[in-house]
Enquirer: 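To start, I am sharing the structure in question, which I have written as structure tokens.
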Amino acid sequence: MFNLFPEEETRFTWDSVGSVIDGQRNLGDTMPVFIYRLLQFTLKDELVRRYGNEEMIDIFRSAGELAGKEFAAHLLDLDLPFNEFVAQLQNVLEESKIGILRVESFDPATGKAMLTVGEDLDCSGLPVTGETVCNYDEGFLAGVLKVYTKKDYVVTEVDCWATGSRVCRFKAEVKAPECAHDA
């Protein structure tokens with residue numbers, strides 16, 4: 001399997017997904033959302049137990065970013081102008097039943113954006129806990145933006161179904177360059 005992003009040490013590639021159609025000829029390529037969440041939230045629970053909450057969040061963001069980069073590189077036309085790219089991304093996310101993406105704002109000069117995802121795969125319908133839970137989505141959106149813009153992004157969820165909102169809202173910003181320490 002070939003790694004599209006050789007600067008990163010990872011064993012995952014798009015080929016790792018395999019052929020779902022060939023593998024599930026009778027069951028098809030869809031599954032209930034609760035099965036996805038069963039995997040996600042039990043994995044989160046185990047990671048918190050072993051490594052703590054902050055490390056779990058970091059792991060989910062990193063995994064989401066890798067997934068977002070592979071998703072964008074294999075399913076999206078990265079040569080489209082921004083508005084057409086966003087329209088295509090919206091369609092693919094909706095068709096994949098990941099969520100309904102809306103761009104509330106985007107500043108082309110700074111790269112800052114505010115995005116919402118309705119009917120989010122990770123959290124829509126969860127009980128209100130007061131905490132944002134879409135860390136994987138933060139990374140996923142950062143990965144998509146990174147591949148399209150060729151800039152590192154930090155994406156932070158500011159509203160979530162689990163905080164009482166009915167959409168997930170994400171603030172996206174170009175990551176500040178690493179500064180050298182003063183000597």
Side-chain angles (χ1 to χ4, degrees), residues 1-5 10 12-44 60-106 108 111 113-126 132-151 153-162 165-172:
M1 293 183 194
F2 122 85
N3 183 0
L4 190 62
F5 306 102
T10 178
F12 177 81
T13 67
W14 190 253
D15 292 337
S16 300
V17 174
S19 175
V20 177
I21 297 296
D22 287 344
Q24 300 217 267
R25 290 183 190 274
N26 294 306
L27 296 176
D29 65 348
T30 61
M31 69 174 195
V33 171
F34 82 89
I35 297 296
Y36 167 81
R37 288 186 185 174
L38 188 63
L39 171 69
Q40 179 188 38
F41 287 108
T42 56
L43 185 56
K44 277 185 165 191
F60 263 74
R61 280 186 186 137
S62 294
E65 183 174 342
L66 177 56
K69 291 189 310 190
E70 291 283 342
F71 179 92
H74 289 89
L75 298 178
L76 302 173
D77 182 348
L78 302 173
D79 295 323
L80 291 173
F82 181 75
N83 288 338
E84 292 175 40
F85 175 78
V86 168
Q88 178 188 41
L89 176 59
Q90 289 170 320
N91 288 335
V92 174
L93 291 175
E94 194 167 337
E95 288 170 3
S96 302
K97 301 191 184 316
I98 293 171
I100 301 168
L101 175 71
R102 298 289 178 255
V103 178
E104 289 186 345
S105 63
F106 178 75
M114 190 65 72
L115 313 168
T116 64
V117 180
E119 297 185 37
D120 185 276
L121 181 61
D122 285 354
C123 73
S124 293
L126 288 181
T132 59
V133 299
C134 300
N135 315 111
Y136 186 85
D137 291 353
E138 291 170 326
F140 185 87
L141 292 168
V144 169
L145 290 168
K146 179 178 185 172
V147 169
Y148 180 71
T149 65
K150 298 176 181 46
K151 296 177 183 175
Y153 265 83
V154 174
V155 176
T156 307
E157 186 177 30
V158 295
D159 292 314
C160 180
W161 190 286
S165 293
R166 290 301 174 249
V167 296
C168 295
R169 183 167 282 108
F170 298 91
K171 177 177 67 172

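None of the values given here were measured: they were computed from a predicted structure.
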Enquirer: What distance separates Leu75 CG from Gln88 CD, expressed to the nearest 0.5 Å?
Expert: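 CD of Gln88 is found 9.0 Å from CG of Leu75.
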Enquirer: Between Arg37 (side chain) and Leu121 (backbone), is there a donor-acceptor pair under 3.5 Å?
Expert: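 Present.
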Enquirer: If you compare all heavy atoms of Ala172 against all heavy atoms of Val155, which two are closest, and at what distance to 0.1 Å?
Expert: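 Minimum heavy-atom contact is CB-CG2, 3.9 Å.
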Enquirer: If you measure from CD on Glu94 to CD on Glu119, what distance do you get to the nearest 0.5 Å?
Expert: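 Answer rounded to 0.5 Å: 8.0 Å.
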Enquirer: Calculate, to the nearest 0.5 Å, the distance between atoms OH and CG belonging to Tyr136 and Asp120 respectively.
Expert: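 Output value for this atom pair is 12.0 Å.
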Enquirer: Near Gln40 CD, under 6.0 Å, is it more than 12 heavy atoms from other residues, nucleotides or ligands?
Expert: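 Atom CD in Gln40 is crowded, with more than 12 foreign heavy atoms closer than 6.0 Å.
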Enquirer: If only atom types and distance count, is the side chain of Glu157 paired as donor or acceptor with the main-chain N or O of Cys134 below 3.5 Å?
Expert: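 Such a contact is found between Glu157 side chain and Cys134 backbone.
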Enquirer: For Asp79 and Asp77, which heavy atoms make the closest approach, and how far apart are they?
Expert: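 Heavy-atom minimum between the residues: N-OD1, 2.9 Å.
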Enquirer: Would a distance-only check, ignoring hydrogens and angles, find a side-chain to backbone donor-acceptor pair under 3.5 Å from Thr42 to Leu39?
Expert: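 Flag set: sc Thr42 to bb Leu39 pair under 3.5 Å.
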Enquirer: What is the distance from atom CZ of Phe140 to atom CD of Glu70, rounded to the nearest 0.5 Å?
Expert: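 Going from CZ on Phe140 over to CD on Glu70, the span is 11.0 Å.
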Enquirer: Would you give the length of the straight line joining atom CG of Leu141 to atom CZ of Phe71, rounded to the nearest 0.5 angstrom?
Expert: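 Rounded to the nearest 0.5 Å, the CG-CZ separation comes to 10.0 Å.
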Enquirer: Classify the angle between the aromatic ring planes of Tyr148 and Phe85 as parallel (below 30°), tilted (30 to 60°) or perpendicular (above 60°).
Expert: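 Correct class here is parallel.
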Enquirer: Determine, stepwise, if the pair Phe60 / Asp137 fulfils side-chain contact (heavy atoms from CB on, under 4.5 Å).
Expert: CA-CA 9 Å; Phe60 263 74; Asp137 291 353; over 6 Å; no
Enquirer: I need the minimum non-hydrogen distance between Asn135 and Arg61, along with the two atoms involved.
Expert: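 Closest heavy-atom pair between Asn135 and Arg61: O-CG, 3.4 Å.
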Enquirer: Taking side chain as C-beta onward, heavy atoms only, is Phe170 less than 4.5 Å from Met114?
Expert: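 Phe170 does not reach Met114 side chain to side chain.
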Enquirer: Write down the atom of Leu78, the atom of Ala72, and the distance for their closest heavy-atom approach.
Expert: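 Nearest pair, atom of Leu78 first, then Ala72: CD2-O, 3.9 Å.
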Enquirer: Near Lys44 NZ, under 6.0 Å, is it more than 12 heavy atoms from other residues, nucleotides or ligands?
Expert: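 Buried by this count: over 12 neighbours within 6.0 Å.
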Enquirer: Walk me through whether Leu126 and Phe41 qualify under side-chain contact (heavy atoms from CB on, under 4.5 Å).
Expert: CA-CA 11 Å; Leu126 288 181; Phe41 287 108; 3.8 Å; yes
Enquirer: Which pair of heavy atoms, one from Gly111 and one from Tyr153, lies closest together, and at what distance?
Expert: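 Minimum heavy-atom separation between Gly111 and Tyr153: O-OH, 2.8 Å.
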Enquirer: So, taking the atom named CG in Leu115 and the one named CG in Leu89, what distance separates them when rounded to the nearest 0.5 Å?
Expert: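 Spacing of CG (Leu115) from CG (Leu89) equals 9.0 Å.
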Enquirer: What are the two closest heavy atoms between Gln90 and Leu101, and how far apart are they?
Expert: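 Distance-wise, the nearest heavy atoms are NE2-O, 2.9 Å.
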Enquirer: Please step through side-chain contact (heavy atoms from CB on, under 4.5 Å) for the pair Glu65 and Glu138, ending with a clear verdict.
Expert: CA-CA 8 Å; Glu65 183 174 342; Glu138 291 170 326; over 6 Å; no
Enquirer: So, does Gln24 use its side chain to make a donor-acceptor pair with the main chain of Asp29 at under 3.5 Å?
Expert: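 Between the backbone of Asp29 and the side chain of Gln24 there is no qualifying donor-acceptor contact (under 3.5 Å).
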